[in-house]
Amino acid sequence: MINTEINIAGVIWKNPVTVSSGTFGSGMEFDEYVDINKLGAVTTKGVADKPWAGNPTPRIAEVYGGMLNAVGLQNPGIETFCSRDLPFLQKKDTRIIVNVCGHTLEEYLNVVDRLADEKVDLLEINVSCPNVKEGGIAFGVDPHALNEVTKEVKKHAKQPIIMKLSPNVTDIAEMARAAVDGGADALSLINTLTGMKIDIERRKFVLANKTGGLSGPAVKPIAVRMVYQVAHAVDVPIIGMGGIQTAEDAIEFIMAGATAVSVGTANFYRPNVTEEVVEGIRNYMERHHIESLDEIRKCL
Amino acid sequence: MINTEINIAGVIWKNPVTVSSGTFGSGMEFDEYVDINKLGAVTTKGVADKPWAGNPTPRIAEVYGGMLNAVGLQNPGIETFCSRDLPFLQKKDTRIIVNVCGHTLEEYLNVVDRLADEKVDLLEINVSCPNVKEGGIAFGVDPHALNEVTKEVKKHAKQPIIMKLSPNVTDIAEMARAAVDGGADALSLINTLTGMKIDIERRKFVLANKTGGLSGPAVKPIAVRMVYQVAHAVDVPIIGMGGIQTAEDAIEFIMAGATAVSVGTANFYRPNVTEEVVEGIRNYMERHHIESLDEIRKCL
Amino acid sequence: MKEVETAEVISQEAFGGDIYSLWLDAPVTAKTAHAGQFVSVFTNDSSKLLPRPISLCEVDHENGRLRLVYRVTGETAGTKQFSLLTEGETIDILGPLGNGYSEFSKKPILLGGGIGIPPMLELAKEFAGQGLAKEDISVVLGFRDAAFLLDEFEKVATVYLTSDSGNTGIKGNVIDGIHQYDVKGDALYACGPKPMLRAVKAEADAKGIPAWISLEERMACGIGACLGCVTETKDVDDHSKVHNKRICKDGPVFNAEEVVL
Amino acid sequence: MKEVETAEVISQEAFGGDIYSLWLDAPVTAKTAHAGQFVSVFTNDSSKLLPRPISLCEVDHENGRLRLVYRVTGETAGTKQFSLLTEGETIDILGPLGNGYSEFSKKPILLGGGIGIPPMLELAKEFAGQGLAKEDISVVLGFRDAAFLLDEFEKVATVYLTSDSGNTGIKGNVIDGIHQYDVKGDALYACGPKPMLRAVKAEADAKGIPAWISLEERMACGIGACLGCVTETKDVDDHSKVHNKRICKDGPVFNAEEVVL
Ligand SMILES: Cc1cc2nc3c(=O)[nH]c(=O)nc-3n(C[C@H](O)[C@H](O)[C@H](O)COP(=O)(O)OP(=O)(O)OC[C@H]3O[C@@H](n4cnc5c(N)ncnc54)[C@H](O)[C@@H]3O)c2cc1C
Ligand SMILES: Cc1cc2nc3c(=O)[nH]c(=O)nc-3n(C[C@H](O)[C@H](O)[C@H](O)COP(=O)(O)OP(=O)(O)OC[C@H]3O[C@@H](n4cnc5c(N)ncnc54)[C@H](O)[C@@H]3O)c2cc1C
Ligand SMILES: Cc1cc2nc3c(=O)[nH]c(=O)nc-3n(C[C@H](O)[C@H](O)[C@H](O)COP(=O)(O)O)c2cc1C
Ligand SMILES: Cc1cc2nc3c(=O)[nH]c(=O)nc-3n(C[C@H](O)[C@H](O)[C@H](O)COP(=O)(O)O)c2cc1C
Ligand code: FES
Ligand code: FES
């Protein structure tokens, strides 16, 4: 009997596959491309206490084996999110993870407080978006700040919290320990790596923001390494992501130590990729006579 | 009149193109594939004071848009290098950059001292190889250690020194400043990013060393971003590298602020790529009526 | 569920000046497609992952076919690879995407500039399909140099030509064309580079008629999810709650009044 | 200067069991190629950058052709893409690379296991070319299950068959084959998986005859520059100054005495 269920901080998902924040909208946009009920969880686009306009365009650049984005966390704010996007997701048979962003600690807490009484399963705290100049970025690369923000969020949160880690650091294990010491119930990684593309014909940055976050298959080896390091440094469940586009990629993250996996950029070029990944994991388990993912998690 | 010459710490190269340490052997192996006289400089494989056996195999893994290596700085030692490899390079009409590695500060200094009276144009100090467990790695990611090692090397070196920076850090500009404060005459970046690949059928790391250094086109956006940051933080010439496989890639690094560029992994799959890059840069200059690369360096 | 469709190449033709015309057999996508919409076209190159948005130049509902006319932007560009496709080969597309032209006036002036010309063809055909006579459909085309698609346009519309080089029609842009040919109408429908669209908007303002313009931006998803492709709007947008609309989902065709160019 | 050669596919044949045979038109590479050498084969997939080392199964010097016989290792592998190549398509190769078999004995025993079988064919042909009679060239082949290349081998050598499944020849490996068929000779020449090569080395030791074995390792450059593909050696190697030789440049064929398996 194959059982694909996993457990993130007491929340059971029917399978280990979610989507990465910012790559699936609030789910609605993908409703006609993929059966959302088949996903273990949906992670929403980052939401702040007020609407954010995001960065000027161009916000997107294609690079070898991946992309850069500098969307800058455009979002409609928590009120619209709660009245429009949440009800849509609540009708689906999947777990809901709300990704939270802010410029300051206070803004994070406003969102966390507002979600206290909403039917939401997990909160993912994005302390690592490289496109926001204030607050966010400093939290994400300084272990002390990360520890502090985690403690504060944990005090307010009614749901288990996932701290999302930035890969743009010297020592990812240190960051993981700082978050877990602060009370993180789970960790997700990696967010995007800071990159740049220059248009040499026009002598201009391709992105209006100059730099953007690198994502897609190009980053996978870095992400797998970091998940492995974090899994050996702390004892909370990990949601692994970075370049996943096949079930084989997902299994690689699970073997590195991830409990769940998240598909990001691949949604943009294969809108039903998540269904394929869910099915492919099941096939792999069948082929290898694996009953539970516990058998292969962190197996090396 | 197009002039492709550049100047690294007083050493004039006929064009800005070199090869990345470890990807071109000592030049000899490429002699039948490319006219070495056409290169601005040759950078040798890292050399230590004694022969190093390197890591167990497998040392190589292919990943999306790039590769991982964990060669572990296998090298024949400085004596063989001086008696066999250097004379070969000295017969070529190109600049010679010797890449220096060691487990301890003393080992670095032994190599630097030994090279004092050799006809070598520049020394590149590899403080950033992620595959060496002792010494090297700590130097590469800690600004204080980097500053110290730079000062000591500078005291001993008879040639200008290039400090080669690791990308596996939170703040590359801080590292650059530490090296320049220590007396670095130039900087080169990026070395490889630490990555991992797991063979999910065998449930094993693909590399015997578990982790390896990620290189190739996949890393280019990160490398361009770091070169840009460093060029805006310090005032010494930069040799930019990371994923360069075309003249267009090279120009991108120059616009980001590099004085010279280095082709690495691409040598493995296009053995004469460097000649193409040299020629392509010249074509770009012609097409855009650029007489000197100064006109486009750091132009945005 | 909407899916990526693997379309078969029926024919490919080079128009010169790096412009190519591709007829695809894509019955599912063609079924509901109309003027102003676009398709996401995927390369077969695994280093180039993002789709290229390409507007529909013609839709043959009867035979389930689509025509794309596109410019090759460089020797290593994804579009270069499209241009090498030959009959019988396949290419993945997703669509039809976005909102096309939906307000049909009685005496439209269609304005196409450069690679913004192709989508005007399907629009002209749709106007003709609505029963408008050739004399009532004015099309002003602005070429770089040599003309393309002329025969097709002339079947359904009255065509006025301009070009940057002066080799096709009058030397000048489409706005010069409107003025010099004294083209009259009750609404403008335009696709072309941003400076042209700004001029179109100004022209519409001056004439006191509406202008429907098709915008471009770099895209990742093409389906409204990534927020990569926004354009600034005059008012707060109801979906985004900020002054932004998504070109891929809310557009690419907008009333010029709505957007800040 | 040695260059990457764009080879044209003459024919491709599936042997079953994921094994394919590819004849390439590659006059420059074929010119100097001989048994035991390999070529670096490049994919057309820009996400897979490294070359695949594939041994020469046959060299047709006269017509400038090479035969490669290879196993498809997975649905997303580079070799899978090779297997889809059809007549007239092209593929980039670099070679011939490495040192092949260079010591030719008078009564050789050639041992091929699995995908190590194909390179034995060119070797057998070279022995025949040196004037050895069929009776003096013994070839012991170890298949997984079904045999391939048999006709070709039987033209030039005396062939003994073994297989893992027992469906081809005796059930067992090539060493079992030597013993059960009582094959006699003055030197062993082997290509196959590492456990087989270890057994070959032991067999040569026991018989007091030399063994020439072809090794495999993951490669990046294929030309001796990256030091990716080393094998441990008994003595300090003169080039590397450590106990390592490069398989791509110093091998892939080694005297079994030299290397630590
Ligand atoms: C709604 C819409 C409709 C379009 N219709 C057409 C059309 O009918 N015919 C036509 O020739 N062109 C059209 N374009 C422009 C076309 O999308 C780009 O020229 C094309 O994507 C460039 O890709 P490439 O492979 O040539 O270049 P590359 O340099 O390989 O592209 C790299 C990346 O940048 C993106 N990109 C580069 N330039 C543009 C651009 N101008 N707009 C959007 N993305 C860009 C590409 O999609 C890709 O993701 C349209 C654009 C949009 C947004
Ligand atoms: C000198 C030499 C000669 C060889 N001759 C043959 C031959 O004649 N026929 C044949 O079928 N195979 C041969 N091999 C093995 C062949 O190189 C691998 O099976 C092949 O590279 C696997 O590539 P892939 O595209 O199938 O797998 P992928 O999984 O796509 O390969 C990923 C990467 O790993 C490398 N790799 C994976 N497995 C191996 C391996 N066993 N050895 C070396 N590199 C590997 C690939 O080259 C590539 O860089 C030889 C290997 C060597 C070293
Ligand atoms: C367009 C885009 C928008 C993103 N927005 C967010 C966001 O709002 N919050 C967040 O935590 N991560 C965001 N990310 C990061 C992704 O969630 C994910 O961590 C990253 O893309 C790596 O996964 P991938 O390689 O599979 O895309 C975004 C990524 C992309 C590409
Ligand atoms: C196989 C291999 C060996 C390398 N050996 C060295 C080395 O000895 N010393 C060093 O400083 N860098 C070494 N590097 C790093 C490269 O010099 C270069 O910094 C890196 O590969 C990024 O450039 P690329 O993406 O063009 O390869 C090595 C890289 C590879 C792939
Ligand atoms: S391209 Fe993603 S929202 Fe438009
Ligand atoms: S593959 Fe590079 S040395 Fe052998």
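The chains referred to below are lettered A, B, ... by the order of the sequence lines, with proteins before strands, and numbering in each begins at 1.
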Review point. At a heavy-atom separation under 4.5 Å, does A:R84 approach chain C through its side chain, its backbone, both, or neither?
Key: side chain

Review point. Do C:R246 and A:E29 come close enough that some side-chain heavy atom pair is under 4.5 Å?
Key: yes

Study note, to complete from the structure: When rounded to the nearest 0.5 Å, the distance separating OG of C:S46 from OH of A:Y269 is 9.5 Å

Check your understanding: Tell me, do C:L94 and A:Y33 make a side-chain contact under 4.5 Å, heavy atoms counted?
Key -> yes

Revision key, fill the gap. Shortest non-hydrogen pair, A:P51 vs C:V242, comes out as CB-CG1, 3.7 Å

Check your understanding: With a 4.5 angstrom heavy-atom cut-off, which part of A:N267 approaches chain C: side chain, backbone, both or neither?
Key -> neither

Check your understanding: Should we say atom NZ of A:K204 is surrounded by more than 12 heavy atoms from elsewhere, each under 6.0 Å from it?
Key -> no

Study note, to complete from the structure: On a heavy-atom basis, the closest approach of C:L49 and A:G66 is CD1-N, 3.8 Å

Point to revise | Atom NZ of A:K38: over 12 foreign heavy atoms under 6.0 Å | key: no

Review point. For atom CZ of C:R144, is the number of surrounding heavy atoms from other residues, nucleotides or ligands below 6.0 Å larger than 12?
Key: no

Practice item. Measure A:P271 against the heavy atoms of chain C and call it side chain, backbone, both or neither at under 4.5 Å. Key: side chain

Practice item. Report the option among C:C229, C:C221, C:G222 that has the most heavy-atom pairs separated by less than 4.5 Å from atoms of chain A. Key: C:C221

Exercise for review: Give a yes or no answer on whether the side chain of A:E62 reaches the backbone of C:L50 with a donor-acceptor pair at less than 3.5 Å.
Suggested key: yes

Point to revise | Contact origin within A:K45 toward chain C - heavy atom pairs under 4.5 Å | key: side chain

Practice item. Applying side-chain contact (heavy atoms from CB on, under 4.5 Å), run through A:N272 and C:M1 and close with a yes or a no. Key: CA-CA 9 Å; A:N272 69 339; C:M1 290 280 152; over 6 Å; no

Practice item. Verify the neighbour count for atom CD of A:E279: are there more than 12 heavy atoms of other residues, nucleotides or ligands below 6.0 Å? Key: no

**Study point:** Spatial distance of atom CD1 (A:I60) from atom SG (C:C226) [nearest 0.5 Å]
**Key:** 4.5 Å

Check your understanding: Any chance CD of A:E106 has more than 12 other-residue heavy atoms, nucleotides or ligands included, within less than 6.0 Å?
Key -> no

**Study point:** Among the listed options A:T23, A:T80, A:N75, A:D35, the residue most often paired with chain C at heavy-atom distances under 4.5 Å
**Key:** A:T80

Revision key, fill the gap. Output for pair (A:F268 CZ, C:M219 CE), nearest 0.5 Å, gives 13.0 Å

Review point. Tell me, do C:R218 and A:L207 make a side-chain contact under 4.5 Å, heavy atoms counted?
Key: no

Review point. A:V63 versus chain C, heavy atoms under 4.5 Å apart: side chain, backbone, both or neither?
Key: backbone

Point to revise | Option among C:N244, C:T231, C:V230 that satisfies the side chain to side chain contact (heavy atoms under 4.5 Å, CB included) test with A:T57 | key: C:V230

Review point. Any donor-acceptor pair under 3.5 Å linking the side chain of A:R59 with the backbone of C:L227?
Key: yes

Practice item. Check whether any side-chain heavy atom of A:P58 lies under 4.5 Å from a side-chain heavy atom of C:E217, and answer yes or no. Key: yes

